[in-house]
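The next block holds one structure in the form of structure tokens; read it before the comments.
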Amino acid sequence: MTKFILRRIVRGLTALFLFQSLLFALIYALPYDFSAFIIGGGPTLRQLIQRQLGLDQSFAEQYFGWLWDFLRLDLGESFLYWPTPVSTVIFNRLPRTLLLFLPAVVIAYLLGIWLGKVIAWHRGGVLEFGVTLVAIASYTSFAPWLAFLIVNIFGWHLGWLPYRRLVDHNIWFNAPVTVDWLLSHLVATAVLAGGAVLLVWRITHRHVRPGPARWALRLGTVALSSATAWAWWVQSGMGYLAQDVLSHLTLPLLTVVLLSFGETMMMMRTSMLETMSEDYVLMARAKGLPEKRIRDHHAARNAILPVITRLALNLPFVLVGSLVIELVFQWHAMGKVIFDAIEWQDIPVLMGILSVVGMLAVLAHVVLDILYVYLDPRLRYVERGA
Amino acid sequence: MERPVKTYTRRGWWHNRLSRLGLSWRRLRENIQSLLSHPLGLTGVILVAIFGSMVLAHPILMATVWPPRLYDPILGFDSTVMPHPTPPSWRHLLGTDGMGRDVLSQLLAGARTSFSVGFLSAIVAVTISTLVGGIAGYYDGALDAALMGIADVFVLLPAPVVLLVFGLLLRMEWPVVAVAYGVLAGLGTQAIVVKSHTLTIKAKPFIEAAIIAGGGKGHVIHRHILPGLLPLTIVHAVFTVVGAVLTESLLAFFSRTSYYLSWGMMIWVGQQTFRLFTIEGQWHAIASPAIAIMLFCSAFYLIGRALDDVINPRLRRR
């Protein structure tokens, strides 16, 4: 087991090293020169800027310098916002992306898992046909077009919700806090409230008999935690700001959910169909258990594992996959940073974001592999045999 | 040194080939039949057939009813209707875009680009993933480790972002976009899946039987491993088409490609003039290519899912 873990970690580190090298080579091949963006000043100023940014160094110097800095977790300074460190640029914008995409991904996965479960159970019916068509249409729709439609219908014609930017400047005029402060507190509130609900859900699942009492407890917790969160925001005097941010959040959230739940649904359906032909499902049916219980507790519980694995593997890419939606809704977060970095040759920021994503993805792969071997004795046997 | 046993019958090599062909044709026909009896698969096939007929219709229409001066997808301009963009009319069934070109003609011509991009990248992706995954699965040791090392790296590269960065480096024509997407898709997840599938095939008893019967490496790979990989390969190819067309449209929409005709480019041109007009004036210039992209990708996605249902034995209905 230890040997396997070590080998897996070494493999992950090798992949990370190769990834960094590939990234570096790719970006080094770009024929552009950041100092060319400086208008006026002549060749002397350009040389000065090149020297200051380290652009006049040789390939080897730049490459090994970059690797060494990366080892020390120093991502360097941004060209565009010189001399702000890249990590600051990233962490300033990170809460915005997380606020939009974590809830979106969670909702999309819950919706996808539930729908996938249902349509697998009713295989071959009209329900499956209709739901699949709608889900696939929304999954394969062109992201800017879907966003554009949603903006036009809900934002423009109906005028229900704002659809541009993170906040309304008129409301935020003379606001006592910064947007980032508010965002981080919103994320914290969501995590605390969600965590409380989840905890109670698990505890009641274990210790309280199924029935009205259990549901009363659960719904009570949901009501209590949301009431607490609401009361806290009201007494803090910044409720109107939070409301503004949340109303700006709704439409992009809807778009992301529509774009991503279809894939989860199809994955869950496939996985569910595979489990449904297992013997223990037949056994459950032979015992005379109700259909709903077989579906939820025997088939779906086992089918969910590959879907969750996929979620863990995909999470790091949320940071870069958000590009289009963020641009359409003018949601100035990671996607905007990446796009600006591409547009303005802000190489350290681009490399920084991609390598952070790569690092997180490698971490997810390694941890999942180790977890799988730890949880599944059959894999452990294979590993020992190999 | 024992010699490999010849596997064909005394009736000769050609007869053997032909009967094999007949067998595989029968299996193919059965699979196609079960695909067509699958409602989702049938929907997908019908949609793809419609898009295919669009590709065929364009040159015919251009040669017969559409004078090229007015209806050419790139250079056409209709000076009798003004101002452009004009809404749908009998003269221009889907209206014209901001540059006075017929949207329907562009839509039909764009279908060809989408098919080309999709098929080229699917072929590239599938060839690469079968080669890399198959070799890594069949041969152990250093080769396996090296190839999987490469796959581990490519899993980490998000294709749209990489291609956006590439878009700075060179103005890409559609074949470049297609091949680049194919390489990124094929070397990443697909290669890893093919490898694990190869491993499961390799452990099957019939491989051992073939080796004991005297089959060489070439024979085993050609006759037993590749046919076993074929279903997976087809499913991968179909999903690559979806990803490639979506990515290409996205790149064209951000004008990161060179200026060729595609649906993404049509949307880009449409939204260039968008700010000057209200949505009622020119929804057609954006909506038609966007809906075409959606239907095209949905069609291939549906076929992929249906094929998965038909081919994957674990998903077959009991």
Side-chain angles (χ1 to χ4, degrees), chain A residues 11-12 14-19 21-23 26-27 29-32 123-124 128-129 132-133 136-146 148-149 152 156-157 262 266 269-270 273-274 276-277 313 316-317 320-321 323-324 327 338-339 342-343 345 350 353-354 357-359 361-362 365 386, chain B residues 38-40 43-44 140 145 148-158 160-162 164-170 189 242 245-246 249-250 253-254 256 263-264 267 271 274 279 283 286-287 289-302 304-305 308-309 312 314-318:
Chain A
R11 205 178 127 193
T14 319
L16 196 60
F17 166 73
L18 287 176
F19 175 71
S21 310
L22 187 69
L23 210 60
L26 219 127
I27 296 194
L30 286 176
Y32 293 88
R123 188 178 188 189
E128 190 202 7
F129 187 70
T132 310
L133 273 192
I136 287 181
S138 80
Y139 170 63
T140 54
S141 53
F142 191 49
W145 161 250
L146 187 69
F148 172 82
L149 258 190
N152 256 287
W156 187 260
H157 280 286
M266 296 315 284
R269 175 182 168 274
T270 310
L273 286 178
E274 282 177 13
M276 268 161 60
S277 56
L313 293 182
F317 295 105
V320 289
L323 222 98
V324 183
L327 282 182
I338 294 173
F339 208 76
I342 292 174
E343 203 88 327
Q345 319 286 323
L350 191 61
I353 291 174
L354 286 178
V357 169
M359 204 163 68
V362 166
H365 275 118
Chain B
H38 192 290
L40 292 173
T43 316
D140 302 331
M148 281 301 108
I150 295 173
D152 276 352
V153 174
F154 273 82
V155 163
L156 305 177
L157 288 174
V161 176
V162 172
L164 276 175
V165 177
F166 257 120
L168 279 180
L169 188 66
L170 45 133
T189 324
V242 178
V245 170
L246 279 178
S249 309
L250 213 58
F253 175 73
F254 285 122
R256 292 281 160 203
W263 290 334
I267 299 177
Q271 61 94 40
F274 183 72
I279 179 72
W283 58 270
I286 299 178
I291 291 173
I293 292 172
M294 189 191 82
L295 288 180
F296 188 87
C297 295
S298 298
F300 276 95
Y301 199 89
L302 285 172
R305 280 297 160 193
D308 205 19
D309 270 13
N312 190 346
R314 284 182 303 175
L315 296 184
R316 272 196 205 129
R317 207 181 287 253
R318 290 222 245 176

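Nothing here was measured: the structure is a model prediction, and the numbers come from that model. Labels below follow one simple rule: chain letters A, B, ... track the order of the sequence lines, proteins then strands, and each chain is numbered from 1.
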Report summary line: For Ser298(B) and Ala137(A) the tightest heavy-atom approach is OG-CA, 3.7 Å
Query - Option from Leu156(B), Val155(B), Val153(B), Asp152(B) for which side-chain contact (heavy atoms from CB on, under 4.5 Å) with Val362(A) holds - result: Leu156(B)
Query raised in the report: Checking heavy atoms, do the side chain of Ser138(A), its backbone, both or neither come under 4.5 Å from chain B?
Result: neither
Requested in this report: Below 4.5 Å from any heavy atom of chain B, which atoms of Leu18(A) appear? Answer side chain, backbone, both or neither.
Outcome: both
Query raised in the report: Can you tell me how far the CG atom of Leu40(B) sits from the OG1 atom of Thr132(A), to the nearest 0.5 Å?
Result: 5.0 Å
Report task. Measure distances from Phe339(A) to the heavy atoms of chain B and classify the residue's part below 4.5 Å as side chain, backbone, both or neither. Result -> side chain
Report summary line: Comparing Pro158(B), Pro160(B), Gly149(B), Ala151(B) against chain A, the one with the most heavy-atom pairs below 4.5 Å turns out to be Pro158(B)
Report task. Heavy-atom distances under 4.5 Å only: say whether Leu327(A) touches chain B with side chain, backbone, both or neither. Result -> side chain
Query raised in the report: Would Phe296(B) and Thr140(A) count as a side-chain contact (heavy atoms from CB on, under 4.5 Å) if you check the C-alpha gap in whole Å, the side-chain angles of each, and the deciding distance to 0.1 Å?
Result: CA-CA 9 Å; Phe296(B) 188 87; Thr140(A) 54; over 6 Å; no
Requested in this report: Measure Leu149(A) against the heavy atoms of chain B and call it side chain, backbone, both or neither at under 4.5 Å.
Outcome: neither
Report task. Go through the atoms of Leu313(A) and report whether side chain, backbone, both or neither lie under 4.5 Å from a heavy atom of chain B. Result -> neither
Report task. Specify which of Leu250(B), Ile267(B), Ile291(B) makes the most heavy-atom pairs with chain A at under 4.5 Å. Result -> Leu250(B)
**Report entry** Distance in Å, Asp309(B) CG paired with Leu273(A) CG, rounded so as to fall on 0.5 Å steps
**Finding:** 6.5 Å
**Report entry** Trp145(A) side, atom CH2; Ile293(B) side, atom CD1 - distance, nearest 0.5 Å
**Finding:** 10.5 Å
Report task. Could you look at Thr14(A) and say if it's the side chain, the backbone, both or neither that has a heavy atom under 4.5 Å from chain B? Result -> neither
Report task. Pick whichever of Gly358(A), Ser141(A), Ala143(A) has the most heavy-atom pairs under 4.5 Å with chain B. Result -> Ser141(A)
Query raised in the report: For Phe19(A), what residues pass the ring-ring contact (aromatic ring centres under 6.0 Å, His included) criterion, not counting sequence neighbours?
Result: none
Report task. May I ask you to decide whether Asp308(B) forms a salt bridge with Arg269(A), counting only side-chain N to carboxylate O separations under 4.0 Å? Result -> no
**Report entry** Results of ring-ring contact (aromatic ring centres under 6.0 Å, His included) for Phe253(B) - residues two or more places apart only
**Finding:** Phe142(A)
**Report entry** Inter-residue atom distance Leu157(B).CG - Leu26(A).CG, 0.5 Å rounding
**Finding:** 8.0 Å
Requested in this report: Could you tell me the separation between the OH atom of Tyr301(B) and the CD1 atom of Ile136(A), rounded to the nearest 0.5 Å?
Outcome: 6.0 Å
